[in-house]
Amino acid sequence: MATVLEDPTLERHFKGHRDTVTSVDFNPNMKQLASGSMDSCLMVWNFKPQMRAYRFVGHKDAILDVCFSPSGHLVASASRDKTVRLWIPSVKGESTVFKAHTATVRSVDFSSDGQLICTASDDKTVKVWTTHRQKFQFSLNQHMNWVRCARFSPDGRLIVSGSDDKTVKLWDRQSKECVHTFFEHGGFVNHVAFHPSGTCIAAAGTDSTVKVWDIRMNKLLQHYTAHTAPVNSLSFHSSGNYLITASDDSTLKVLDLLEGRLFYTLHGHQGPATSVSFSRSGEYFASGGSDEQVLVWKTNFDQIDYNEVLQSHRRKSYVDPPPHIHDIPPRSPHRSPARATSGKLGARSELRNMSDITPGVTDVGPALFSHPQHPGQFNTSGGLRDLELTSGDQAMRDRLQPSTQPLEQKTIPTELGNTLEHIVGQLDIITQTVSILEQRLTMTENKLRECLDNQQKITLQIRPTD
């Protein structure tokens with residue numbers, strides 16, 4: 001019985017996307033899960049049984065990353081349409097949109113205090129914005145190719161970024177300087193993340209490897225070759241003892257960082273696993289794939305005493321054991337329920353699948369500047385009667401008719417829409433112009449200060465000494 005509880009279990013599966021799932025993130029309140037997809041839609045799944053999911057329509061192209069704010073009151077989405085949207089994850093679906101870059105936006109992240117947003121783009125830059133009013137702060141410009149991912153450190157003082165130029169860069173947010181560049185990757189860097197302690201970073205690459213560096217010594221600590229295809233995503237457990245990865249080889253891998261070896265291999269997706277994320281507490285993790293599914297897993301293995309894990313590893317015989325690394329901080333103790341010592345720990349060939357009913361989906365929107373939906377695309381006969389159905393009735397009804405229904409029909413006159421789009425376009429141009437003028441003014445002030453300093457030095461040099 002103890003062994004079953006220690007293995008990860010598949011708790012829920014959500015279906016509603018119409019293309020590859022690109023990103024998943026838990027609401028810190030653990031009541032919702034957000035997912036982005038190549039179908040241009042943001043889905044917010046509610047964990048409460050039988051509660052309908054929300055499909056947010058607004059982006060004009062694929063969504064490549066999603067992220068909840070620390071408070072859980074906002075969810076950000078980054079898109080190939082060059083914009084970032086901030087949504088309120090409720091049935092109203094209110095959102096604000098800003099053009100963040102001049103090319104595809106591949107990554108979005110909130111600082112730990114929720115005050116700042118960082119974005120990464122195919123325009124080779126990382127940009128930082130204020131969450132309130134989305135005011136541009138500064139740009140980080142030293143990458144030589146697309147920037148696929150950027151993340152704040154836990155204390156918000158550093159930013160890590162990974163790029164198609166095969167480098168991982170570490171930036172100081174205050175000085176806006178690149179403090180170190182890691183060149184070890186043999187392929188494009190798909191994903192980067194900070195260890196919860198803030199002392200280490202991990203990166204996943206197209207060379208099928210995962211690397212972990214200590215940023216205090218700028219030293220490569222661990223190099224994992226567990227996957228057989230490009231690694232698309234990774235996430236640290238809140239204890240700092242585990243790292244989970246998702247790969248094109250269709251598997252999820254749980255890596256034991258204190259022992260420096262593979263802990264679990266999980267088979268759940270039919271095709272490439274494109275995204276993975278632990279919940280804030282580490283009790284659950286979610287994954288998305290090219291099979292258009294979102295899977296929610298219960299971690300379980302983080303509940304056992306870490307001494308049991310070490311004993312389990314010692315009982316296993318390895319022909320060529322991976323490197324033994326001890327110095328990844330912090331060595332966080334695990335909660336240790338009183339139960340018998342486990343047997344051999346390994347990935348189970350079959351994980352429990354709770355045959356939950358796929359929730360209905362409420363379409364929120366379409367948003368003001370999104371592509372209009374085609375008439376007859378959604379079934380609208382459900383209404384509030386859905387709330388009165390039992391789970392059995394709902395399952396029968398789901399088989400008989402589509403469960404997707406629009407919240408309301410939103411249409412605006414074509415002329416008004418064109419006028420508003422024109423106004424927004426002009427405002428974008430004005431905002432960019434003001435930003436450029438601010439940068440030039442700053443440069444001019446710096447040059448003037450430099451000239452005055454030089455003039456003062458020259459004056460001191462030529463002044464005759466008494």
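Values below: all heavy atoms of this structure, side chains included; hydrogens, waters and symmetry mates excluded.
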- Query: Is a side-chain N or O of Asn300 found less than 3.5 angstrom from the main chain of Asp7, in a donor-acceptor match?
  - Reply: yes
Problem - Student check: side-chain heavy atoms of Leu74 and Phe68 closer than 4.5 Å - result: no
| message | Under a 3.5 Å distance rule, please check whether Thr167 uses its side chain to pair with a backbone N or O of Phe182 as donor and acceptor. | response | no
### Stepwise side-chain contact (heavy atoms from CB on, under 4.5 Å) check, Leu116 with Phe152
CA-CA 9 Å; Leu116 297 173; Phe152 283 107; 3.9 Å; yes
Next on the checklist: With no hydrogens and no angle check, just 3.5 Å: does a side-chain donor-acceptor pair link His132 and Thr130?
Outcome noted: no
task: Spell out, as yes or no, whether a donor-acceptor pair under 3.5 Å connects the side chain of Thr131 to the backbone of Gln115.
output: yes
Heavy-atom nearest pair, Val212 first then Ala202, reads CG2-CB, 4.2 Å
To the nearest 0.5 Å, atom CD1 of Ile63 lies from atom OG of Ser37 at 7.5 Å
**Request:** Check whether any side-chain heavy atom of Thr125 lies under 4.5 Å from a side-chain heavy atom of Val147, and answer yes or no.
**Result:** no
Mind running side-chain contact (heavy atoms from CB on, under 4.5 Å) on His227 and Thr251 for me, showing each step along the way? CA-CA 8 Å; His227 286 289; Thr251 68; 3.4 Å; yes
| query | Do the side-chain N and O atoms of Lys253 and Thr265 include a donor-acceptor pair separated by under 3.5 angstrom? | reply | yes
Taken in chain and number order and not counting sequence neighbours, the residues that satisfy salt bridge (charged side-chain N to carboxylate O under 4.0 Å, His left out) with Asp155 are Arg157
Does His59 reach the side chain of Thr83, with side-chain heavy atoms less than 4.5 Å apart? yes
So ring pair (Phe, Tyr, Trp, His ring centres under 6.0 Å) across residues 90-131, not counting sequence neighbours, yields Phe98-Trp129, Trp129-Phe136
message: What I'd like to find out is whether the side chain of Thr22 reaches to under 4.5 Å of the side chain of Thr274, using heavy atoms alone.
response: no
Note to self: Counting C-beta onward and ignoring hydrogens, is there a side-chain heavy-atom pair between Leu140 and Lys176 closer than 4.5 Å?
What the structure shows: yes
Test side-chain contact (heavy atoms from CB on, under 4.5 Å) on Phe263 and Ile244; report intermediate values, then the result. CA-CA 10 Å; Phe263 195 18; Ile244 191 166; over 6 Å; no
Between Val105 and Ala100, the two heavy atoms sitting closest are CG2-CB, 4.3 Å
Original post:
Would you say the ring centroid of Phe236 lies under 6.0 angstrom from that of Tyr242?
Top reply: no
To the nearest 0.5 Å, atom CG of Leu33 lies from atom CZ of Phe14 at 6.5 Å
query = Do other residues, nucleotides or ligands put more than 12 heavy atoms under 6.0 Å from Gln137 CD?
reply = yes
Query - Steps toward side-chain hydrogen bond (donor to acceptor under 3.5 Å, both in side chains) verdict (His237, Thr299) - result: CA-CA 10 Å; His237 187 271; Thr299 306; 5.1 Å; no
dist Asp172:CG -> His180:NE2 (nearest 0.5 Å) comes out at 14.5 Å
Salt bridge (charged side-chain N to carboxylate O under 4.0 Å, His left out) filter on Asp109, not counting sequence neighbours, yields none
inquiry  = Would you say that more than 12 heavy atoms from the other residues, nucleotides or ligands in this model lie under 6.0 Å from the NZ of Lys124, or not?
reply    = no
d(Ser208 OG, Asp248 CG) to nearest 0.5 Å is 8.5 Å
query: Is a side-chain N or O of Ser107 found less than 3.5 angstrom from the main chain of Ala150, in a donor-acceptor match?
result: yes
Salt bridge (charged side-chain N to carboxylate O under 4.0 Å, His left out) filter on Asp207, not counting sequence neighbours, yields Lys211
Tell me, do Trp87 and Leu42 make a side-chain contact under 4.5 Å, heavy atoms counted? yes
| Does a sphere of radius 6.0 Å around NZ in Lys135 hold more than 12 heavy atoms from other residues, nucleotides or ligands, not counting ones at 6.0 Å or beyond? | no
| field | Under 3.5 Å donor-acceptor, Asp291 side chain and Gly271 backbone | value | no
Notebook entry, point to check: Between Phe301 and Phe278, how do the two ring planes meet: parallel, tilted or perpendicular, split at 30° and 60°?
Noted result: perpendicular
Note: Met43 and Ala53 closest approach over all heavy atoms is CE-CB, 4.3 Å
Residues at least two apart in sequence or cross-chain that pass salt bridge (charged side-chain N to carboxylate O under 4.0 Å, His left out) with Arg280, listed by chain then number, are Asp25
Q.
Checking side-chain polar atoms at under 3.5 Å, does Arg85 have a donor or acceptor matched by the opposite partner on Ser95?
A. yes
Quiz item: Quick one: does Trp171's side chain get under 4.5 Å of Gln142's, heavy atoms only?
Solution: yes
The side-chain hydrogen bond (donor to acceptor under 3.5 Å, both in side chains) partner of His269 among Ser247, Ser250, Ser287 is Ser287
Ser121 side chain vs Thr104 backbone, donor-acceptor pair below 3.5 Å:
yes
OG1 of Thr206 to CG of Asp164, rounded to nearest 0.5 Å, is 7.5 Å
Indicate yes or no for a side-chain donor-acceptor contact from Asp256 to the backbone of Glu259 under 3.5 Å, with no hydrogens or angles considered. yes
Determine yes or no for a side-chain-to-main-chain donor-acceptor pair under 3.5 angstrom, with Ser235 supplying the side chain and Ser277 the backbone.
-> no
In short, Asn190 meets Val231 closest at the heavy-atom pair ND2-O, 3.0 Å
Nearest heavy-atom approach of Leu257 to Gly240 is CD1-O, 3.5 Å
So CG of Leu266 and CG of Leu252: to nearest 0.5 Å the spacing works out to 5.5 Å
### Message
What I'd like to find out is whether the side chain of Ser35 reaches to under 4.5 Å of the side chain of His17, using heavy atoms alone.
### Response
yes
- Query: Can you check side-chain contact (heavy atoms from CB on, under 4.5 Å) on Met38 and Arg80, steps first, answer last?
  - Reply: CA-CA 9 Å; Met38 298 295 285; Arg80 193 180 278 164; 3.2 Å; yes
Practice item. Would you confirm whether Thr181, through its side chain, and Lys169, through its main-chain N or O, come within 3.5 Å as a donor-acceptor pair? Key: no
Looking at Leu258, is its backbone amide N or carbonyl O close enough to the side chain of Asn241 to form a donor-acceptor pair, meaning the two atoms are under 3.5 Å apart?
no
Under-4.0 Å salt bridge between Glu94 and Lys92: no
Applying side chain to side chain contact (heavy atoms under 4.5 Å, CB included) to Ser23 and not counting sequence neighbours gives Asp65, Val66
Aromatic Phe47 / basic Lys31 pairing, under 6.0 angstrom, 45° off normal: no
Nearest heavy-atom approach of Cys149 to His191 is CB-CA, 4.0 Å
Between the side chains of Glu292 and Lys15, is the shortest nitrogen-to-carboxylate-oxygen separation below 4.0 Å, so that they form an ion pair? no
